[in-house]
Amino acid sequence: MVAFFAVPVGVLVSPAGGWAIAVVGLLLILWRHNWNLTRLVAWTRKPVGTPLPHAFGVWDFVFSDLNRRARLASEQRTRLSTELDRFREASQAMPDGVMYLSHTDTIEWINRQAAKDFGLDPERDPGVPVTNLVRQPDFVHYLEAGNYADPFPYRPIHRKGAALLVQVIRFGDDRKMVISRDVSQLEKLETMRRDFVANVSHELRTPLTVVSGFIETVLDGGDEIARAERDQYLGMALDQAGRMQRLIQDLLALSALETDAPSPAEDVFEVGGLVREIGRETEALSAGRHQVVVRVESECRCAGSAKELHSAFANLASNAVRYTPDGGTVTLVWRVLEDGSAEFCVQDTGIGIAPEHVPRVTERFYRVDRGRSRETGGTGLGLAIVKHVLTRHQCELRVSSTPGKGSRFCVLLPARRVVSSDPGS
Ligand code: ADP
């Protein structure tokens, strides 16, 4: 470059002038390098992603190369941050709680569920050691003990009744991922299952003890026991065997409703006929001890399982007889309502149910008066079966009762199950 300037100009001017021009040229070149260098330094201080300006000569190569690398780096950064956002969104959407801890157990990130499970704030709490915020001793001990082979059952004090399973997973550079899973529902189901098994065992144990007691007495008595007395013992044993049989039948019915559970067969049947039949069965059960009134106010047909609905309606009617003292009245009413739905109601003038018991009578083995239920051959499962059948038919059970005056159990059938009053359609 110097030569390019110096030689032709040197030919035209004196040697001193030539040197002067060469020096100026050199200075110009130096100034240009310096100028480009300054622009480069200024660029490094600008926000990431700012493109480099154009330059001349060799600097243009350098600048465009740097530009290309900066663009690649920026694209990579955008891709990484998109991936990170997606990963966080996925962690956020998880039904389980997720919390990341550093090697010093400082919170790095938490999703909303973990914040709820541990009582934390996902915005404010990252950066704080987790044991400064979650201070329950059992959790602190589990985290510090460092043995994470088994999950840890955790009951957070700030969420009454909640049961969590917490699992710590180590990863990377001694960092930890803490997963919390809400198992309250599972625990409730497990308690129900345990209670159910205990109830069934208890219900069977009593009659079984009575039956074996009577058999022992008859066997021990041998020929000395009078025939009439033996018959009496055997009769009582038979009663108890019948009780066990009823219980097992009800258990099987309940289990069939709970487990097989394909949607109920869609028979279309005459409800009036079904209600009258239940009326006759109720009279037979009462054996003249009650006045049984049957009122079919609307003749219509209904879609559903005739067998299941018969068993549910009959159960309500038999309860009315069993819980109404002699001389009382049991009324069965079937009617279609204005909005097209229909109701089957059983009203009695019996012992009634105190308000605190009403919401619980459909629970399995729930009885207001255990003795009375047994005396009348109850298993404590009748209304649980009724409830299952009605749920399967999208029907509702409404109970109103006044102790000492009587009860009214109404089944509300949705309009779409009430087919038509015309048997031909
Ligand atoms: P159970 O075999 O004991 O009758 P159910 O499930 O049919 O069992 O009923 C549960 C409890 O609800 C009964 O034990 C009884 O206390 C109460 N109950 C049900 N129907 C009536 C009624 N019509 N009048 C008074 N109490 C009733």
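Read the numbers this way: they start at 1 and go in the same order the structure lists the ligands and their atoms. Here, residue 1 is the first one in the sequence, and each next residue gets the next number. Just so it is clear, the values below take in all heavy atoms, side chains as well, and ignore hydrogens, waters and symmetry mates.
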Ligand 1 contact on Arg322 by region, counting heavy-atom pairs under 4.0 Å: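 It is the side chain that gets close, since no backbone atom is under 4.0 Å.
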
Examine Asp348 against ligand 1 and note whether any of their N/O atoms are separated by less than 3.5 Å. yes

Are any of the N/O atoms on Ile353, whether in the backbone or the side chain, positioned under 3.5 angstrom from an N/O atom of ligand 1?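 No.
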
Got a donor-acceptor contact below 3.5 angstrom from the Ser373 side chain to the Asp369 backbone?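 Absent.
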
Specify whether Tyr366 and His357 have parallel, tilted or perpendicular ring planes, treating 30° as the upper limit for parallel and 60° as the lower limit for perpendicular.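 Tilted.
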
Assign the ring pair Phe139 / Phe118 to parallel, tilted or perpendicular, where the plane angle (0 to 90°) is split at 30° and 60°.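 Plane angle between 30° and 60°, so tilted.
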
So, 4.0 Å and heavy atoms of Arg364: is ligand 1 close enough to count as a contact? no

Nearest candidate to [atom], where distance is taken over non-hydrogen atoms, out of [options]:
| atom | options | value |
| --- | --- | --- |
| atom 3 (O) of ligand 1 | Ser373, Gly378, Gly350 | Ser373 |
| atom 2 (O) of ligand 1 | Gly380, Ser318, Gly371, Gly377 | Gly380 |
| atom 7 (O) of ligand 1 | Asn319, Thr349, Ile351 | Asn319 |
| atom 17 (C) of ligand 1 | Thr324, Ile385, Val361 | Val361 |

Please report which non-hydrogen protein atom sits nearest to [atom], along with the residue it belongs to and the distance in Å to one decimal place.
| atom | result |
| --- | --- |
| atom 5 (P) of ligand 1 | Leu383 N, 3.6 Å |
| atom 21 (C) of ligand 1 | Tyr323 CD1, 3.5 Å |
| atom 10 (C) of ligand 1 | Tyr366 O, 3.2 Å |
| atom 16 (O) of ligand 1 | Val368 N, 3.0 Å |

Can you name the atoms of ligand 1, numbered from 1 with element, that are less than 4.0 Å from a heavy atom of Thr379? 2 (O)

Sidechain N-carboxylate O distance under 4.0 Å for [X], [Y]:
| X | Y | result |
| --- | --- | --- |
| Glu75 | Arg79 | no |
| Asp231 | Arg227 | yes |
| Glu108 | Lys176 | no |

Would you mind reporting whether Val200 and Phe365 have side-chain heavy atoms less than 4.5 Å apart?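 Heavy-atom side-chain distance check passes, below 4.5 Å.
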
Assess Arg39 against Trp35: is NZ or CZ under 6.0 Å from the centre of the six-membered ring, and within 45 degrees of the ring's axis?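 Output yes; distance and angle both within limits.
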
Pair Tyr148 and Tyr142, ring centroids less than 6.0 Å apart: yes

